[in-house]
Amino acid sequence: MIASPKRQRARDGVLLAAAGVVLGLCYVRPALPVPSSDFPSYWLAGRLAAEGRLDGRVYDYAWFQVQGDAAPGPETLYSFTPQPPTVALAFLPLGALDVATAARTWLGIQAAAAVALVPALAAAAGISGPAAAAALLASGAMLSRDLAVGQVYLPVLLAVVGAALLLARGRDGAGGGLLGAAAAFKLFPALLLVPLALAGRWRALAGAAAAGLGLLGASVAVLGPDVHAAWLGAVLPGTTGGGFAALFHPGGESFLALALQAFHADPVRNPDPWVHRPRLAALAWGLARLAVVAAALRATARARGGGPGTGPAVMALWLQAALLLSPIVTTYHNLLALFPATVGAARQARRGGIGWAWAAAVAGAWLAVAFVQPHFLVQQHALARGPTLPLAFGRLWMDLLVFASLASSLAGPRGEEAGTSRGWERGGAVAVGLAAALAFVVAPLLGGRAEVPGAGSAVPLPDDGWEIATRLAPAAAPGEEPTFAAMDWKLYTVHRGRGVRAEVAGADLFDPAPLPGGGLVFAAVRRGGPAASEVMVQDRGGARRTVSPAGAWCDGPTAGGSRVLFTCREGPDGPGRVHVGSATGAAGGAVPGLGPVAEAAVSPGGDLLALVPPGREGLEVRTAPWAEASGARVSWSDPRWARVERPRFSPDGCRIAFVAWPRGGPVASSRSRIWIGDACGGGAPAPLPSGPWRDRDPSFAPDGSLLFASDRGGGVHGYRVFAWPLPLPSPGAVTSGR
């Protein structure tokens with residue numbers, strides 16, 4: 001029985017309202033806290049632009065970190081690379097707001113874009129509004145990650161779908177303008193200009209050029225030429241060539257990342273590939289690009305009976321091709337695949353026959369990727385524990401199914417809306433099967449498991465079943481396994497299953513340090529509470545006490561003797577003062593004469609202090625005021641250091657490990673190194689041997705070996721805990737490792 005139009009409208013209204021509730025509760029509400037990385041970086045760039053301080057140094061990681069420290073916002077992993085300068089221009093109005101207000105404003109803009117995307121997607125795919133809403137919600141992890149980190153892909157996707165609809169209605173200037181504007185912020189939509197050129201739609205191309213060049217001109221006028229020169233000269237080549245991609249990280253969901261993860265061994269980032277065949281990796285990447293371009297060109301040329309087509313289905317096909325061709329694809333990037341997945345599945349479902357099989361496969365893969373393989377499940381899957389291909393193939397499998405579905409639906413000789421060639425559809429299915437067989441069956445037969453040399457003396461701590469990849473700030477007490485902070489803001493202990501070492505309801509925990517008599521001291525920020533952070537002491541029995549003053553920003557605790565030392569500020573960007581409390585949980589106060597500082601640490605014996613000045617340009621070691629003698633002991637600075645952070649003493653109090661970010665361009669400055677200095681004998685500190693990765697958060701184990709976090713396990717945010725076993729190199733004899 002067919003429902004009346006009135007009942008159908010009422011039913012659709014109920015379904016859309018339910019979708020809105022799900023969107024709000026399941027996607028928007030969890031994103032209400034200030035994002036931890038992406039949005040604060042956009043906001044900071046907008047703030048610097050509003051203050052007239054944005055230049056080419058915005059792509060220098062260390063310089064950008066220093067600006068983030070001085071800004072009134074949360075501590076986060078600031079980095080503006082590889083965003084184009086137009087992103088800073090777009091966020092300039094939000095830069096005038098505080099970061100929390102700006103984040104909620106941007107979240108509201110994103111939610112409005114999601115609501116507007118539903119009717120646009122319904123019109124482009126020829127489906128009902130509720131079906132389009134269901135498709136949006138089914139994007140799962142892609143939508144949630146976009147909202148959670150404050151990315152821009154919802155507005156970009158809305159602009160692309162809107163452009164496809166305008167172009168389908170003959171409004172070439174406006175449609176091309178939307179594409180040009182979207183491509184000015186993210187490069188993916190730029191490939192959609194190819195079918196427009198093939199179809200000779202010059203007005204659309206002119207509109208795209210006018211919008212793109214107009215935004216570029218406005219950006220140069222407002223931000224200046226230096227930042228654009230830095231992006232064009234140093235950032236863009238690495239972005240398009242994969243130089244900034246975490247290609248060995250399982251969260252890298254591109255053809256190139258898949259090829260490298262499968263067939264290219266790396267001593268620390270990919271020690272366990274299926275087979276070590278670098279030439280096969282290059283061949284697979286090259287053939288994949290050729291196949292994607294050839295299929296897109298063929299489908300476009302045959303879409304309308306021999307003439308090139310530029311309807312929504314063709315535009316969706318080229319957007320999928322852009323994702324498949326990109327060397328950098330992560331979870332929120334794939335939100336753009338919502339357009340081709342919805343259009344392709346809808347077109348195949350209307351055809352029936354083998355098309356239904358394609359539709360079921362696409363829908364099943366889409367739901368599996370959306371809900372079974374969320375972003376952090378990918379990153380948490382023990383980075384160096386073994387082959388990561390099953391997870392990478394989950395993403396790639398959906399891409400292949402969507403692409404084959406679109407190609408088969410568009411390549412028929414009887415027009416865009418007519419039936420398609422069954423031979424082409426079957427050929428597409430066979431091609432997908434052969435690709436999977438090559439990777440899963442044939443490739444391992446081409447050679448044995450690669451024997452990869454080790455990476456110096458750095459040894460990754462075993463995972464033992466852990467699925468938390470992002471591990472920072474390791475700390476170990478005598479007789480206990482190391483504790484570390486993870487990206488979910490709890491403190492964990494390695495080797496102990498999934499047990500949580502420290503968790504405070506409604507709070508984010510970070511900066512763990514062991515207490516001499518057992519137990520843990522750490523910093524905590526209570527979500528939804530006043531703008532402050534506190535330092536808490538937890539004994540062996542789990543009892544906790546706050547030792548920091550109320551209402552202040554306190555962090556970086558260390559313990560020595562019977563004291564706990566930490567730094568407190570009146571606000572997140574205020575000058576730091578050294579505070580001391582009791583390791584038993586008694587509150588303390590500020591130490592006279594030890595401020596302002598950026599960071600401070602106390603030696604295990606409690607008699608030495610390491611102080612980082614507010615500018616973070618060096619490090620000073622002095623005896624504590626409560627020790628028998630006082631005054632300066634050692635002072636270190638180096639013109640190579642742009643930023644010094646996290647000093648930590650060795651168990652004997654003579655060695656200090658700290659992190660230094662180097663001065664230089666956007667690539668060099670992203671490689672932080674750990675330096676070791678001798679607080680007892682003096683002399684210049686020297687770095688541990690390192691490579692093209694970030695080593696951070698050093699601390700010493702009870703036996704004197706060095707623990708630290710590093711992304712040498714793979715990925716921008718995929719930090720693991722490594723150990724540099726004894727004997728440690730002497731500070732004066734450490735080589736540069738270059």
- Query: With a 4.5 Å limit on heavy-atom distance, are the side chains of L198 and L297 in contact?
  - Reply: yes
- Message: For a 4.5 angstrom cut-off between non-hydrogen side-chain atoms, does P189 reach V156?
- Response: yes
- Evaluate the side-chain proximity of F188 to L323: yes if any heavy-atom separation is below 4.5 Å, no if none is. yes
- Short question: side chain of S128, backbone of A131 - any donor-acceptor pair under 3.5 Å? yes
- Message: Could you measure the distance from the CH2 atom of W231 to the CZ atom of F80? Nearest 0.5 Å is fine.
- Response: 10.5 Å
- Kindly give the heavy-atom pair with the smallest separation between A159 and A182, and that separation in Å. CB-CB, 4.0 Å
- Roughly how far, to the nearest 0.5 Å, is CZ of R203 from CG of L205? 12.0 Å
- Item | L178 and V160, any side-chain heavy atoms less than 4.5 Å apart | no
- Item | Heavy-atom side-chain contact between W202 and D172 under 4.5 Å | no
- Note on the structure: Here the pair of heavy atoms bringing L92 nearest to A49 is CD1-CB, 3.8 Å
- Taking every non-hydrogen atom, the tightest pair across T342 and I127: CG2-CD1, 3.6 Å
- Query: Can you tell me if S219 and H228 form a side-chain donor-acceptor pair at under 3.5 Å?
  - Reply: yes
- Note on the structure: Scanning both residues in full, the closest heavy-atom pair of A102 with W43 reads CB-CD1, 3.6 Å
- Query: After noting the C-alpha distance and the side-chain angles of S144 and Y332, does the key distance pass the side chain to side chain contact (heavy atoms under 4.5 Å, CB included) rule?
  - Reply: CA-CA 8 Å; S144 66; Y332 45 74; over 6 Å; no
- Close side-chain approach of L154 and I109, heavy atoms under 4.5 Å: no
- Let me see the working for V152 and V87 under side chain to side chain contact (heavy atoms under 4.5 Å, CB included), right down to the final yes or no. CA-CA 9 Å; V152 301; V87 173; 5.5 Å; no
- Query: Under 4.5 Å between any side-chain heavy atoms of L147 and L107, yes or no?
  - Reply: yes
- Item | Closest non-hydrogen atom pair, F339 against M315 | CE2-C, 4.3 Å
- Could you tell me whether a side-chain N or O of Y59 sits under 3.5 Å from a main-chain N or O of Q83, the two making a donor and an acceptor? yes
- Note on the structure: So CZ of F91 and CG of L97: to nearest 0.5 Å the spacing works out to 12.0 Å
- Item | Check: D226 and L54 side chains under 4.5 Å, non-hydrogen atoms | no
- Is it true that the side chains of R53 and Q67 contain a donor and an acceptor less than 3.5 Å apart? yes
- Any donor-acceptor N/O pair, R201 side chain to L167 backbone, under 3.5 Å: yes
- Identified side-chain contact (heavy atoms from CB on, under 4.5 Å) counterpart of L179 within the set L196, L166, L191: L196
- Task: Would you please test L143 and L338 for side chain to side chain contact (heavy atoms under 4.5 Å, CB included) and show each step?
- Result: CA-CA 10 Å; L143 177 60; L338 174 65; over 6 Å; no
- How far does CG of D146 sit from NE2 of H333, to the nearest 0.5 angstrom? 9.5 Å
- Message: Please report the interatomic distance CZ(R145) to CG(L335), rounded to the nearest 0.5 Å.
- Response: 12.5 Å
- Task: State whether a side-chain donor-acceptor pair under 3.5 Å links D38 with Q151.
- Result: yes
- Centroid-centroid distance, W106 to Y42, less than 6.0 Å: no
- Report the C-alpha distance between L48 and D55 in whole Å, list the side-chain angles of each, state the deciding distance to 0.1 Å, and finish with yes or no for side chain to side chain contact (heavy atoms under 4.5 Å, CB included). CA-CA 9 Å; L48 295 173; D55 54 36; over 6 Å; no
- Do you know which two heavy atoms are closest between V314 and P195, and how far apart they sit? CG1-CB, 4.1 Å
- Spatial distance of atom OG1 (T86) from atom CZ (F185) [nearest 0.5 Å]: 5.0 Å
